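The block underneath contains the structure these notes are about, expressed in structure tokens.
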Number of protein chains: 2
Amino acid sequence: MSLRHAVLAALSRGEASGYELAKRFDVAVADFWSATPQQLYRDLERLERDGLVEARVVEQRRRPTKRVFTLTAAGHQALREFVREPARPAAIRDEFLVKLQAVESGDAGALVAGAEARLARSREKLAGYERLLAESGDDLGPYLTLMAGIMYEQQNIQWTELVLQRLRGGEDGTA
Amino acid sequence: MSLRHAVLAALSRGEASGYELAKRFDVAVADFWSATPQQLYRDLERLERDGLVEARVVEQRRRPTKRVFTLTAAGHQALREFVREPARPAAIRDEFLVKLQAVESGDAGALVAGAEARLARSREKLAGYERLLAESGDDLGPYLTLMAGIMYEQQNIQWTELVLQRLRGGEDGTA
DNA sequence: CCTACCTATTCAACTTGTTGAGTATAGGGG
DNA sequence: CCCCTATACTCAACAAGTTGAATAGGTAGG
């Protein structure tokens, strides 16, 4: 149970509709916690049912009506309790590393292509984060999570460059 | 469907029983792909049913009988195909970052404690990986994934130190 | 001999996360 | 006027991951 908490944390920084949350998750947070819109709507419903968030219907002029969610007192309380509990260690699921484990029995060329794609993606992400950093205020939480993203991608780029070097340089994968 | 592939990759480096696989996953691989024994047994069954792995019963002298799994030709084939497909981007789920997002409405002291625990854990992991690196052969796949673990933890340590500094140094989290 | 602890595996129930499709409102472009 | 796109949300089915417990053989220690 933890997307729940990610939602609570997101709402603690300001009310939002499901749709808006989905975007926030996609932009700022996707790299350490991802969720599809469907998941968000489902969890918002549950949170509402459990009394941790409240919905308010907002009719808009030039757009479809939306439901905007806010934390209730119980929601704030639940969030504080969550923060107090020790965090479970980060779970990483990185398919590329699995593929890499099988270099010797697989297609090294495909892995080179994969590494190049990864490198490109990391560079884009990094650039995006750096832009956000320049624009962003000095709220501690968002700053530190942004730095996590930046440092993670920097390290990722370095590692991927090492991979490329080894995959290309020494053709002796089968040594 | 991807623990399947992680299992195939693991078996491509040598036959193993479910129990042995569980240990391998726990030691070497846990940081980029984790699985409980139950999950492994379940997936091994499916892989067997689908003809990608074969089981061989091995009776042991001083221990309970075990079933040792090997890749079949179809299994090798499936692994090669998996390696050729582009990898989906890594999914990270890091609870600590979620908690950090809520610093302002939560207990900063608990977060300091959490950061310290994270730091300790990362240092242990790093030491373990470095030991493995010294012992290990020069197979490319394992080498690169080990390096991924090492670089990841190094970066993690740096970031966590930054977090501690900010959480402690400037007590003005609510600025 | 009884207990505790590894090895080795299985069953069942549950929570999360993923995928694909589908509804509806409204604006802009051709 | 029709289609495309963006907003805003919902339903259903499924795949993957988690948790807790149970079974069972064997060894070592008190």
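Computed from heavy atoms alone, side chains included, the values below leave out hydrogens, waters and symmetry copies. Fair warning: this is a prediction, and the values are worked out from it, not measured in the lab.
Between the side chain of B/Glu59 and the base of D/dG25 there is no donor-acceptor pair of N/O atoms closer than 3.5 Å. For A/Arg42 and C/dG17, a side-chain-to-base donor-acceptor distance below 3.5 Å is present, hydrogens and geometry of angles not being considered.
Between A/Arg88 atom CZ and D/dG17 atom C1' there is a gap of 11 Å when expressed in whole angstrom units. Nucleotide D/dG17 holds its P atom 12 Å from the NE2 atom of B/His5, rounded to whole Å. Regarding A/Gln38, its CD atom lies at a distance of 15 Å from the P atom of D/dA13, rounded to whole Å. If you measure from atom CD of A/Gln39 to atom P of D/dA8, you get 20 Å, rounded to the nearest angstrom. Rounded to whole Å, atom P of C/dG17 lies 10 Å from atom CZ of A/Phe25. To the nearest angstrom, C1' of D/dA15 lies 13 Å from CZ of A/Arg93. Between A/Glu45 atom CD and D/dA12 atom C1' the separation is 13 Å, expressed in whole Å. Counting to the nearest Å, the C1' atom of C/dT15 and the CZ atom of A/Arg4 are 11 Å from each other.
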List the protein contact pattern of nucleotides 3-9 of chain C with one symbol per nucleotide (5' to 3'): B for base contact, S for sugar-phosphate-only contact, - for none; contact means a heavy-atom distance under 4.0 Å. ----BBB

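The existence of a salt bridge linking B/Glu135 and B/Arg131 is excluded, since no basic side-chain nitrogen approaches an acidic carboxylate oxygen closer than 4.0 Å.
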Name every donor-acceptor pair, under 3.5 Å, that has one atom in a side chain of residues 64-75 of chain B and the other anywhere in the protein, sequence neighbours excluded.
unit_1  : atom_1 : unit_2  : atom_2 : d
B/Lys66 : NZ     : B/Glu20 : OE2    : 2.7
B/Arg67 : NH2    : B/Glu48 : OE1    : 3.3
B/Thr72 : OG1    : B/Gly51 : O      : 2.7
B/Thr72 : OG1    : B/Leu52 : O      : 3.1
B/Thr72 : OG1    : B/Ala74 : N      : 3.3
B/Thr72 : OG1    : B/Gly75 : N      : 3.1

Go through the steps for A/Arg118 and A/Glu95 under the test salt bridge (Lys or Arg N to Asp or Glu O under 4.0 Å), then give the verdict. CA-CA 11 Å; A/Arg118 189 184 175 100; A/Glu95 246 188 42; over 6 Å; no

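Separating the CZ atom in B/Phe96 from the CG atom in A/Leu144 is a distance of 8.5 Å, to the nearest 0.5 Å.
In this structure, a donor-acceptor pair under 3.5 Å is absent between the side chains of A/Gln39 and A/Arg42.
For B/Gln60, the CD atom counts as densely surrounded, since its 6.0 Å shell holds more than 12 non-hydrogen atoms of other residues, nucleotides or ligands.
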